[in-house]
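Have a look at the structure below, then the notes.
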Amino acid sequence: MLALAITIPTGVAVLAYLVVGLVIGVESMGVPLPGETTLIAAALLASQGHLRIEFVIAAAALGAIVGDSIGYFIGRKAGRGLFERLGRRFHHFSEDRLVRAEKYFHKYGVWTVFFGRFVALLRIFAGPMAGMLRMHYPRFLVANAAGGIAWSTTIGLVAYNIGDNADKIFGRVSVWALVVVGVAAVAAYVIHKVRRRRHSAGTVVPAAESADV
């Protein structure tokens, strides 16, 4: 794909930006396309002077945000049945992957949408899964936009600067991003539990005192 992209004349750069946005947008709807690879390829072209990196990043971010939003409404309308039907035909939507993605959403909520942009599995599932689970759309949109912009900027700029090894490096980054999601979410969960327990203790003690009186 990269070899083909390098042959694109400068005069049709707009088409290249549209391809970046389209591939990433369709991937974000839940279709397993190589969105990250497309972004890296476009960033490499920009480093060679064929494209402009700011337009590559903008196209990727817009595709991610719009695609995730469309995926959200598809998941909201179709529900779990859509994933189950797709799972019978495509291994990307297998029951095991669906359960794993659903678990992340139940535990980590909007953080899954934000950090999930950096992880291949969650990047595909984030929009439709959030819709299926009826996540509040304004919250989803904020996390979706923030994640899409952060992802496209990070991947685009790093690929632009480090060159041909970008694809291998980001393969490792995806794994570490998943670890970061887990650690951050566990910390947030523990803090939430501690605060809830303190709040419960604070409300129970006065009730006991008033009963004694």
Item to check | Ring geometry between Y137 and F140 (parallel below 30°, tilted from 30 to 60°, perpendicular above 60°) | outcome: tilted
Checklist entry - According to the interplanar angle, ranging from 0 to 90°, do the rings of Y17 and F55 count as parallel (below 30°), tilted (30 to 60°) or perpendicular (above 60°)? => result perpendicular
Checklist entry - Between S152 and R117, is a side chain to side chain donor-acceptor pair (under 3.5 Å) present by the stated rule, with each step listed? => result CA-CA 9 Å; S152 59; R117 175 52 58 180; over 6 Å; no
Checklist entry - So among M135, M129, R134, which one has a side-chain contact (heavy atoms from CB on, under 4.5 Å) with M132? => result M129
Return the minimal non-hydrogen interatomic distance between [X] and [Y], and the atom names on each side.
X	Y	result
L44	A159	CD2-O, 3.5 Å
S69	N144	OG-ND2, 3.5 Å
L51	A42	CD1-O, 3.8 Å

As an exercise, state the distance from [atom1] of [X] to [atom2] of [Y], rounded to the nearest 0.5 Å.
X	Y	atom1	atom2	value
I24	I65	CD1	CD1	11.0 Å
I74	M29	CD1	CE	6.5 Å
W151	L39	CH2	CG	5.0 Å
L18	L22	CG	CG	8.0 Å
I124	D68	CD1	CG	11.0 Å
I57	L62	CD1	CG	13.5 Å

Checklist entry - With a 4.5 Å heavy-atom cut-off, do T38 and E27 have their side chains touching? => result no
Checklist entry - Can you find a pair of side-chain heavy atoms, one from T154 and one from F118, that are under 4.5 Å apart? => result yes
Checklist entry - Are Y72 and V142 connected, step by step, through hydrophobic side chains (Ile, Leu, Val, Met, Phe, Trp, Tyr) whose heavy atoms are closer than 4.5 Å? => result no
